[in-house]
Amino acid sequence: MNALAHGASYGALIILTLLTTVAMGVWFERKFAGRMQSRLGPTMVGPVGLLQSVADVVKLLNKEDIIPRDADRGLFTLAPVLAALLSLGAAAVVPFSSTVVAADLDIGVIWVVALGGLTVIATFAAGWSSNNKFALLGAMRGIAQSVSYGVPLVLSVLVPVILAGTMSLSGIVAWQTRHHWFALWPVIPGLPALGLFFLAMLAESNRIPFDIPEAESELVAGVTTEYTGAKFVLFYMAEYVHTLVGSAVASVLFLGGWDGPIAPGLHWMVAKTLALFVAVYWVRWSLLRYRSDQLMALCWRRLTPLGVGLVLLASAWALFAPGGPA
Amino acid sequence: MSPASSFALVAVLAPALAALVLAALPALRRQGTPAAMLCIAGSLGAFGAALAALSRLAHTHTPETWSRPWLQAAGLSLADVGVRVDGTSAPMLVVVTLVALCVQVFSLGYMHGESREAFGRYFAYHALFLFSMNVLVVSPNLLQLFAGWELVGVTSYLLIGFYYRKPEAAHAAVKAFWVTRFADMGLLFGLLALFTASGSFGWEAQLSPAVATFVTLMLFLAVVGKSAQFPLHIWLPNAMEGPTPVSALLHAATMVAAGVFLVVRAAPLFAQSETTRAVMLVTGSVTALFAACLALVQTDIKKVLAYSTCSQLGYMVAALGAGSVFGGFFHLTTHAFFKALLFLAAGSVIHAVHSNEIGKMGGLARRMPLTGGAFIIGALALAGVPGLAGFFSKDLVLEAVEGKLGSLPWIALLATAFLTAFYMGRVVFVAFFGAPANDHAAHAKEHGWSMRGPLVLLATLSVVVGYFGGDLAHLGGHAYHFHFTGGAALASGLGLAGIGLAYAVYGRGPREAPAIIATVDRIAQSRAVNRFYEFGFRRVTLVAADALAWIDRYVVDGLINMTGYVTLALGSRARKIQTGEAPDYVLAVMLGVVAMAAWVVVQ
Amino acid sequence: MTLAGCLTLAAALFSLGVYGLLTRRQAVAVLVSVELMANAANLCFVAFSRFRGDVTGQALAVFALALTVAEVAVGLALVILLYRAHGDTRVDLASEMKQ
Amino acid sequence: MEGTFFMVLAACALVPAWLAVRGANLIHAALWLGASLLATAAVYAMLGASFLAGVQVLVYVGGVITLMIFGVMMTRRHEGLVALAESRHQGRAAAIAVTLFAVIAQAINATDGLDAPLSAPVSANGSALGRALVVDHVLAFEALSLLLLAAIVGAVVIARRRDPPDAREAEVPS
């Protein structure tokens, strides 16, 4: 029961933090995008527009909750909830420090990847239940994309798993604490694996340059076309959380997680996660969208073989390098 | 492996090699002459090896056997295959290979007009025949002998039917094949009975009298077929449709003698059955006399010789029936040479005048002196004129038969001797003396040395081989020493009388045949034996076959068809189960699963 | 939680799968039922693995899982083919073999 | 507590399973199957097979269900998503399923020793399972790899269009 209480309390803490971070993240992104585009971004609500996100949320929650007449009502409602739950659920196993973790599963890596994969279901449910052809097209693209990018994602995740010899996220961090970060050494499977994970994560969470399910210039707003109000908030939030958790996982897997000098572990972890989070936005506001077939070609012709190669290299390293994993 | 048997093995394998090469390389076979040369080389090698084996045996006087187990099962072998060199097989091997060699060389000239392809095919058959015959001759047991027996049957079929585009030839080939095959059933039954009774295929088994009689009678049936004894002689005259050298080799000197050879080989078995020997004696003398009568009236030179062969084989069989194994074997040996000589000389004549009819010849002795001389030597040898090969062996036969079965066989054989001299005299006087019957005969010429050489060689042998009787007997462990007796005087007197009569009748040109000969001719024309077979075939076999066919069609097939109809009917009902829809099949599978699971649980 | 409980659950899932297999005509729905049955079998493997204290059962379950995935991939390819041929995916339409 | 939890999970597995095999809507059926499989995964986790539970979620729910939905969407027109056509074997099918369950249940009842509480979990971190997979049963593992490869190639070949796709068009795995 103690573990349960521990998990529950930390879980609640982490969720609250995440939600706050999302709110701040939206503000940060708008300011960031504004600066990149030589404008100011939000300024009106609160000091330097800090409360803009809060205002947005309040506004959205007050909006009418529209369910299209021919929609599949059950799924239409389930989809955003599922999306939010899954992204938050993935966060449950991410260790923010050696103690701040809701559930330190021995198969944490699989948990994260599996829940990430399940997001597809939510995407699909949203797109299909809307009974809107843009939404459905978006869902179809999303499924193809997620299923495909699941492959390089898993392959890139396998690199630290093989090198550390464990599937527990905190175990991987602990290994890096004892030895070195995987992004730094062995640099050849490590750093490319980080890049691979980053790209695959962008695709899995439908971020630019892989935001084809949304593709606002083509599909209005993709799967979220018919969503308004609270449901839209859930989707929006889920996407942010997904990205955030992805960044956290990348930090854990490749950048040593809470490992760092001087400052407490939690600070290091948050710093690394936010750095990656910023990188995601940087990419978002810098790059253009890929075309669907280019996206697939990239996945199957470039990233997947690369991932296989990295896994083989990591295996070789684990087998032959001196002082490899036990 | 001892020298003699290795020589014998070479004698078997040399022609086999030639046959194999010719079978495997159709291009070479179709070249003609190279194929012939290869075949003759094989025969030459075989002859040399046979001679070496014989001389070796003459030196050691010890029979030799080399064999390997064959058809092994459960540690036991059914029989051995190999070679056996003894006083019977070694001389026979020499005779066979020598005659074969002569015939093949002769064929080089005789078959010259054939297309290259047919020429090659002819020699390929010859090589195969020689191999088969040698297998038969050297076999250490009766099973291998049987294999060789059937092989020579096949090659005989192939060679009789050599001109397969000619309907008569094809027909004759089939007839020979079927008649001998019918007789071969006897050999098969005999062998099976022998194996059942003695557990082996050896010829030295001791059998109970009844079994011995059965086995030997069955073997003798095969002999009757192969050696053209009455009443299964009918295939041999037809077999003359084949090329004449083939007649000389297969149907005079070697293959037909295989029957006699079988009896000689299996003499220990035949010695155990008085009954069989009596049957042989009767059959042999009847055949001898009967065939000689038929030979009187034939106008086809080859048919005269064919019936003459039947007749002489009857002599041998009669000798064997009388218990004189060596008498039969000796006559076999001498007959092989002079009958081959006669056939080759006849072939030479036929080649010159383009006809088989003696009426279309005449005066050939002057135009073809060598051929004529060879034929006359052969005829005299056949007639039993003293000093020539036939005289010694025929005398031995008559001596053996004398006094058996109330002397009737002896009288028949004496009469045959007379008739033999007469019909041979007839042929000689009509064909070789007098005036040429037509332009062909008038312009006949001798042929090249490939045809004359074998004639000279065989003529020489026909003269001298009789004097080696003692050595031959010694080799086979028999006692024989020629001494001139009253019987011999009687036989040779009858022979001379026959020649004289022939001269009286035919010596001064063609003349009306005497009444008695005309009668025989009428009887011969009636083809009584053939008609008996035809009757038997048409009235008995075909009717029985029709009845069986009816039963097969309406009873057996009816049952089968009924099965088919029932199955079809059931199938069209059952087809409705097959809906082609997967769920139905799944349903059935699941029913089965549930039933099985329930069964297990209930258990 | 007992082995009997797990096995009974598996049996119930399997029977449901059988029921679906027999009643469904839509190819994908048939696949759904088959998956349910395979899953029930896997549950048995895992339960016995725990019961016997032997990891082999789990290994078997992993193998079965992979097999199922392969089956679904090929099955769906066939469904697509069926759709191209008939414009529909009802399995009872594919009865050409009947003739 | 554990027993109750198991009962809840069993219900969570069975009810969606029922809906999966009875539901008229194919998409719903596939999703209900996913739910049932998730519940089964939870049972796996309870049984100490956490790795298997994760793989179940990853492969089955994330992969297989997705593929199925994809298959449905590729092969159904939008208006035809509802699977109205039911087989005519309803009654027989129900009888067979019930009999099967009864038979198995009877077999379980009749066997002694199945009611004892389960022993300790066999694999805590998956390493034993890993060893079983690639050491003890490596041949089966390799054979399975080959099978998967064959299945991938086969699926691509079966499902690919007759006319060769535009060179720029990447093949979408399905």
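Quick note on labels: first sequence line is chain A, next is B, and so on, each numbered from 1.
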Within the 4.5 Å heavy-atom criterion, are D/L31 and A/L75 side-chain neighbours or not? yes
Check whether any side-chain heavy atom of A/W111 lies under 4.5 Å from a side-chain heavy atom of D/V57, and answer yes or no. no
How about CZ on A/R69, more than 12 heavy atoms from neighbouring residues, nucleotides or ligands closer than 6.0 Å, or not? no
Going through the distances and angles, do A/D72 and D/N25 end up as a side chain to side chain contact (heavy atoms under 4.5 Å, CB included)? CA-CA 11 Å; A/D72 187 326; D/N25 188 318; 4.2 Å; yes
Winner by heavy-atom pair count (cut-off under 4.5 Å) against chain A, out of D/V61, D/I65, D/V55, D/V59: D/V61
Correct closest heavy-atom pair for A/A114 and D/G54 would be CB-O, 4.0 Å
D/F51 and A/I107 have their tightest heavy-atom pair at CA-CG2, 3.9 Å
Between CG of D/L38 and CG of A/L118, what distance do you get to the nearest 0.5 Å? 6.0 Å
With rounding to the nearest 0.5 Å, note down the distance linking OG1 in D/T66 to CD1 in A/I121. 4.5 Å
Okay, A/V120 and chain D: the region with an atom under 4.5 Å from a heavy atom over there is side chain
